[in-house]
Amino acid sequence: MNKIFIKAAVLFLITINATGYASAQNVKFDEWQNLTTSGKLPPQCKIQHSNNNLDIVKYKDRYYLGFRTAPTHFASGKTVMYVVSSKDMENWEYETEIKLNCDLREPKFAVYHDTLNFYCFAAGTGMFSFDPRQILRCTSTGANKWTKPESVNLDGFVPWRLRLKKDTLYLSAYYGKNLYNSKHQANLRLFYSTNAKDFIKVTEQPQVDIEAAEEGEFIFDKAGNLFATVRLEGTGALICKADKSAIGNWTKNRVKTKYDSALLFDHNDDIYLVSRRNLDGDMDKLKVRKNEKKRRVANLLRYSITRKVTSLFKFNKENLSLDLVTDFPSTGDNAFPGIVKLDDNTYLLMNYSSNIHGKKKNWIRGQLGKTYIYWTRLRFTDRG
C-alpha cells in the first residue's frame with residue numbers, strides 16, 4: 001500500500017509540474033490590505049464609490065500611487081485622479097489631483113532623466129461610451145508640487161505602458177475612438193521619446209492593426225527582446241514577441257483567452273503576467289453562426305455577466321503562451337495592477353477589486369458597485 005501511495009504521490013507531483021500551476025510552488029503572497037478603507041489616505045482624497053485604475057512607482061525612496069475614484073467603473077464627469085506618496089506604505093501624503101469635469105483613466109508613471117512623470121487620458125462623460133480625447137502629462141517639481149497637466153498630442157490614443165530602455169522611453173498606446181463600432185480604425189503601436197513629452201512612432205505601420213486590439217502590454221528582457229500581450233475585445237488576445245534588432249516587428253500568436261488589465265514584470269529574466277481572468281473560460285466560446293460583429297457582441301455580453309478573478313501567469317517565451325500560476329483574492333470588478341520591486345525576491349503588488357471578503361459577484365455587478373484598492377507583498381522562494 002505504501003509503494004502504491006508513493007507512486008501516486010510522485011505521479012501527482014510530475015503532473016502538477018507539467019501543468020499551468022507548475023510555478024505555484026515557489027510564489028507566495030501576504031494577506032491583502034485594503035488601502036481605501038484603512039483611514040491612511042490623506043484627507044484631501046475624497047473617496048467615491050468606485051476606486052479602480054491605478055499605478056505605483058518608487059522614486060527617491062518614496063512610493064507614488066496614482067488612482068482613479070468615481071461613482072462607478074464607467075465614465076463620469078465626477079471622476080478625480082489622485083496622486084499620493086508614502087515612505088512606508090503606512091503614512092500617505094497628498095501630492096496632486098486632476099479633475100477636469102470629464103472621465104480620467106489609465107494612470108501611468110515614468111521616471112525619465114531623474115524626473116517623475118505622470119500620465120493619464122481624458123475622456124467623455126457618457127456612462128456607457130468610450131471616448132478617449134487626449135493623453136495628459138504632469139511632472140513632479142519637488143515635494144508635493146506638480147506641473148499642470150498638458151497634452152502630449154496623441155489625441156484619441158489610450159496609453160497603456162511606459163518602459164525605459166537605455167536612454168529611450170517607450171510608450172504603447174492604441175487608438176480608442178469608435179472602439180465599439182464599425183468606424184474603429186485599428187491602430188495599436190509603440191512610440192518612443194527622448195524627453196518624456198514628445199512621442200514618435202517606432203514604425204510607420206502599427207504593430208497591431210486587428211479590429212478592437214487594445215491594452216498593448218509589453219516588456220523588454222535582459223537581452224533587449226520585446227514580449228507583449230494584446231487584448232482583442234470580444235475575441236481573445238495576442239501573445240507577441242519582437243527581436244531586439246527590430247522591436248517594431250511583432251510575431252503574434254492569437255489565442256481565445258482574454259487577458260484584461262495586463263501587467264508584465266520580470267523576475268530573474270522570467271516574465272510574469274498579472275491580469276484579469278474569466279472563470280467561465282475562453283472568450284470566443286459561444287457558437288454564434290452570424291457575422292463577426294454579432295459574434296463579438298454576443299461574446300461581450302456573456303463576458304459581462306460572468307465572474308472574474310485577478311491571476312498570475314508565467315510567460316512562455318518560446319511558444320508564446322501563458323501558464324496559470326495562481327489566482328489572487330478578487331471578485332466582481334477587479335485587476336488593473338501595479339508593481340514595484342522591493343528586493344531580489346519580493347514585490348509590492350497593488351490591485352483593485354470588489355470586496356474580497358464579501359459575496360462573489362459577476363463582472364457587471366462589480367462595475368456598478370463599490371471597488372477598493374488592495375496591496376500585498378509577493379514573494380518568490382526556492383522550491384522544496
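Residues take their numbers from the sequence shown, with the count starting at 1. Values below: every heavy atom of this structure, side chains too, minus hydrogens, waters and symmetry copies.
The side-chain heavy atoms of Phe118 and Met81, taken from C-beta on, include a pair separated by under 4.5 Å. Put simply, the side chain of Lys60 reaches to within 4.5 Å of the side chain of Asp114, judged on heavy atoms. Taking 4.5 Å as the limit, some side-chain heavy atom of Glu93 sits within range of a side-chain heavy atom of Arg62. Between Tyr374 and Asn355, the closest side-chain pair of non-hydrogen atoms falls below 4.5 Å. You'll find the side chain of Leu179 stays beyond 4.5 Å of the side chain of Val158, heavy atoms only. Side-chain atoms of Leu41 and Leu35, non-hydrogen and from C-beta on, do get closer than 4.5 Å to each other. Between Phe336 and Leu263 there is no side-chain heavy-atom pair separated by less than 4.5 Å. Contact annotation: the side chain of Leu116 approaches that of Trp146 to within less than 4.5 Å [non-hydrogen atoms, C-beta and beyond].
Closest non-hydrogen pair, Leu104 versus Ile98, comes out as CD1-O, 3.2 Å. Smallest separation of non-hydrogen atoms from Trp160 and Ala262: NE1-O, 3.2 Å. Ser275 approaches Ala335 most closely through the heavy-atom pair C-CB, 4.4 Å. Nearest heavy atom pair, residue Arg105 against residue Phe74, reads NH1-C, 3.9 Å. Among all heavy-atom pairs drawn from Pro159 and Leu171, the shortest one is CB-CD1, 4.0 Å. Annotation for Ile356 and Pro329: closest pair CG2-O, 3.4 Å, computed over non-hydrogen atoms.
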Worked check of side-chain contact (heavy atoms from CB on, under 4.5 Å) between Trp375 and Ile56: CA-CA 11 Å; Trp375 67 276; Ile56 188 165; over 6 Å; no
Working for side-chain contact (heavy atoms from CB on, under 4.5 Å), residues Arg161 and Leu264: CA-CA 10 Å; Arg161 189 66 59 201; Leu264 291 170; over 6 Å; no
side-chain contact (heavy atoms from CB on, under 4.5 Å) between Asn299 and Lys256, worked out: CA-CA 11 Å; Asn299 284 336; Lys256 291 185 177 181; over 6 Å; no
Derivation of the side-chain contact (heavy atoms from CB on, under 4.5 Å) call for Asp333 and Trp363: CA-CA 5 Å; Asp333 188 19; Trp363 194 35; 3.0 Å; yes
Intermediate values then yes/no, ring pair (Phe, Tyr, Trp, His ring centres under 6.0 Å), Tyr170 and Phe218: CA-CA 10 Å; Tyr170 290 90; Phe218 74 103; 7.1 Å; no
Chi angles and distances behind the salt bridge (charged side-chain N to carboxylate O under 4.0 Å, His left out) call for Arg68, Asp103: CA-CA 9 Å; Arg68 173 187 183 270; Asp103 199 33; 2.9 Å; yes
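A salt bridge links Asp30 with Arg379; the closest basic N to acidic carboxylate O contact falls under 4.0 Å. A salt bridge links Lys177 and Asp131; the closest N-O separation between the charged side-chain nitrogens and carboxylate oxygens is under 4.0 Å. Between Arg231 and Asp260 there is a salt bridge, with a side-chain nitrogen of the basic residue lying less than 4.0 Å from a carboxylate oxygen of the acidic one. Taking 4.0 Å as the cut-off between side-chain N and carboxylate O, Arg163 and Glu217 count as a salt-bridged pair. We find that Glu233 and Lys258 are joined by a salt bridge, their nearest charged nitrogen and carboxylate oxygen being less than 4.0 Å apart.
In this structure, the side chain of Tyr112 engages the main chain of Asp167 through a donor-acceptor pair within 3.5 Å. Side-chain atoms of Lys197 do not come within 3.5 Å of backbone N or O of Val152 as any donor-acceptor pair. For Thr376 (side chain) and Leu349 (main-chain N/O), no donor-acceptor pair under 3.5 Å exists by modelled atom type. Side-chain atoms of Asn117 come within 3.5 Å of backbone N or O of Ala110 as a donor-acceptor pair. Distance alone, capped at 3.5 Å, is enough to place a donor-acceptor pair between the Ser330 side chain and the Phe328 backbone.
Residues Tyr272 and Tyr347 keep their aromatic ring centres 6.0 Å or farther apart.
Met89 and Ile47 fall within the same hydrophobic cluster, defined by Ile, Leu, Val, Met, Phe, Trp and Tyr side-chain heavy atoms under 4.5 Å apart, directly or through other members. Side-chain heavy atoms closer than 4.5 Å link hydrophobic residues (I, L, V, M, F, W, Y) into clusters, and following such links, possibly through other members, connects Leu188 to Leu154. Tracing side-chain contacts under 4.5 Å through hydrophobic residues (I, L, V, M, F, W, Y), one reaches Phe220 starting from Tyr192; they form part of the same cluster.
Checked against Asn334 for a side-chain hydrogen bond (donor to acceptor under 3.5 Å, both in side chains), the options Asn52, Thr371, Thr310 give a single hit: Thr310. Each of Leu190, Thr203, Asp243 was evaluated against Trp250; a single residue qualifies, Leu190, per the side-chain contact (heavy atoms from CB on, under 4.5 Å) test.
Here the OG1-NZ distance, from Thr139 to Lys148, works out to 13.5 Å after rounding to the nearest 0.5 Å. We find the OG-NZ distance between Ser354 and Lys370 to be 11.5 Å, quoted to the nearest 0.5 Å. One distance of note links OH of Tyr82 with NZ of Lys99; it measures 7.0 Å at 0.5 Å rounding. In this structure, OG on Ser172 lies 12.0 Å from CD on Glu214, to the nearest 0.5 angstrom. From Thr381, atom OG1 reaches atom CG of Asn26 across 5.5 Å, with rounding to the nearest 0.5 Å. Atom CG of Asp221 and atom CG of Asp270 lie 10.5 Å apart (nearest 0.5 Å).
Ser86 and Asn91 are not linked by any side-chain donor-acceptor pair at a separation below 3.5 angstrom, with hydrogens and angles left out of the test. A donor-acceptor contact closer than 3.5 angstrom is absent between the side chains of His113 and Asn195.
Taking the centre and axis of the six-membered ring of Tyr303, the NZ or CZ atom of Lys308 falls inside the cone set by 45° and 6.0 Å.
Atom CD of Glu204 is surrounded by 12 or fewer heavy atoms from other residues, nucleotides or ligands within 6.0 Å. For Lys165, the NZ atom sits in a packed shell: over 12 heavy atoms of surrounding residues, nucleotides or ligands are nearer than 6.0 Å.
Ring geometry, Tyr175 versus Phe157: the interplanar angle exceeds 60°, so the pair is classed perpendicular (tilted spans 30 to 60°). Under the 30°/60° scheme for interplanar angles, the aromatic rings of His73 and Tyr352 are found to be tilted. Under the 30°/60° scheme for interplanar angles, the aromatic rings of His267 and Phe380 are found to lie parallel.
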